Amino acid sequence: MGVIDTPPGLGSALDRRLQAQLDSLRERSLYRVRRAVTGGHAVRMIVDGRPVLNFCANDYLGLATDARVIEAARRAFAVSGVGSTGSALISGHNVEHRALEDEIADFLGCPRALLFSTGFTTNVGVIKALLGRGDVVVADELNHASLIDGARASGAEYLRVPHANVEAYAQALAQAAAQGRDAMLITDGLFSMDGDIADLPALAALTQASGAALMVDDAHGFGVLGVGGRGTPDMLGVRPDVHVVTLGKSLGSAGGIVAGSETLIEYLIQRARSWVFSTAPPPALAAAARESLRILRGEPEHRARLIANMARFIDGARERGLPIAERGVATPIQPVIVGDEDRALALSRGLMERGYWVAAIRPPTVPRGTARLRITLSAAHEFAQIDGLLDALRELLGASSPAVAA
Ligand SMILES: *Cc1c(COP(=O)(O)O)cnc(C)c1O
């Protein structure tokens, strides 16, 4: 029976099944809705028609609305048009794409790099191309969803390691080596929802000893950590075999990049299906990312301001007794873990009423029982805005039961 034959009001069998699941999500405070931004996605923005200060974006350097980045995109749109008209292997590869790949590879100190439309498709395409049935993935339990999906879809055996548990990594890699199977250790560099960093020196030592490959997704560390913003691997003196960064975070554009050896990139060009069978991104987005990279390289003041803002937030949170995570390395991702989904939502709503946009992050994005406010800092924030957020947080957290520290 086609949908068209369904009596009005009853819906299809599919809709009824989906509606039951939606109802269940709503009951558990896990239902998600979008808020629409009018105009630019800067610190000061208009959300659902009202002005707020944004404290949940990944635009760590404030480059998404930088006039020069916008102008670079505008110029490239005028020269290259909007769409790339095809996949990179057919008609879609533009000199802007190639120049961006070369410049990112040079920045990261890798021989080659390859541009995908998004970070998500980068991870899925890369992992599926590199691993298959009989191989082994050893992966942190808090890895980004795209890493999990790519690894699951590859058909490789998936060994999920408790967060940051080096001993568990060692055991999993030893098991794969003893079985003579090809293995790849896959981890975020800077974890996207927790804001802590992977122990890459220990993990690199393990992969080298066992003959496994090391893949690091540094979507959030890139542009922020390490010398000049080269990222988490640079900061920790590690060179991954497969190094993924994204263009939609600190560079304020959109896209994903995988960097590595000449051989790796040539192999991916032949085999990464999400790259081969997908329209190349608009050349203007690559032009914008190139301008952002130029700014990142030439103007250290943006990173310096971000670092000062991180310190302002961390010191201010301590002074006010707010429950932020204590860690060795300061990062722009500062979760306030509250545990309960309802509570996270209520806090987020309370902040919004006070003019601060901080999203409540709930399962399945984070493990059950660890719902949180994920506060992110940007070079574009002012100290007074950060202080205002901290005061609002103290007021809200003080007004209800004490929060649980991470
Ligand atoms: C955002 C993110 C991605 C996905 O990148 P997009 O370009 O947004 O698709 C991948 N990995 C990590 C760790 C991320 O935070």
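No hydrogens, no waters, no symmetry mates; every other heavy atom, side chains included, goes into these values. Nothing here was measured: the structure is a model prediction, and the numbers come from that model. We count ligands from 1, going down the list as the structure has it; atoms in each ligand are counted the same way.
Shown in contact with Ser146 at under 4.0 Å from a heavy atom are these atoms of ligand 1, numbered in order with element: 10 (C), 11 (N). When each atom of ligand 1 is checked for a heavy atom of Ser192 under 4.0 Å away, the hits are 15 (O).
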**Report entry** Step-by-step side chain to side chain donor-acceptor pair (under 3.5 Å) determination, Thr85 to Ser91
**Finding:** CA-CA 6 Å; Thr85 78; Ser91 65; 3.0 Å; yes
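Within the 4.0 Å heavy-atom criterion, the part of Asp217 lying near ligand 1 is the side chain and not the backbone. In Asn123, the part holding a heavy atom less than 4.0 Å from any atom of ligand 1 is the side chain.
Taking a 4.0 Å cut-off on heavy atoms, Gly248 fails to register as neighbouring ligand 1.
The protein atom (non-hydrogen) at minimum distance from atom 5 (O) of ligand 1 is Gly119 CA, 3.2 Å. Counting protein heavy atoms only, atom 9 (O) of ligand 1 is closest to Phe120 N, 2.9 Å. For atom 15 (O) of ligand 1, the closest heavy atom belonging to the protein is His220 NE2, 2.6 Å.
Residue contacts with ligand 1: Lys249 is placed with a nitrogen or oxygen under 3.5 Å of a nitrogen or oxygen of the ligand (distance criterion only). Looking at Thr246 next to ligand 1, no N or O pair under 3.5 Å apart turns up.
Ring pair Phe55/Tyr356 is tilted by interplanar angle, where 30° to 60° counts as tilted.
Side chain of Thr370 to main chain of Val366: no donor-acceptor pair is present (N/O by atom type, distance under 3.5 Å, no hydrogens or angles).
Less than 6.0 angstrom separates the ring centroid of Phe191 from the ring centroid of His163.
The CG atom of Leu206 sits 6.0 Å away from the CG atom of Leu173 when rounded to the nearest 0.5 Å.
A salt bridge links Glu262 with Arg112: at least one charged nitrogen is closer than 4.0 Å to a carboxylate oxygen.
Checking Arg32 against Thr365 by side-chain atom types alone, a donor-acceptor pair falls below 3.5 Å.
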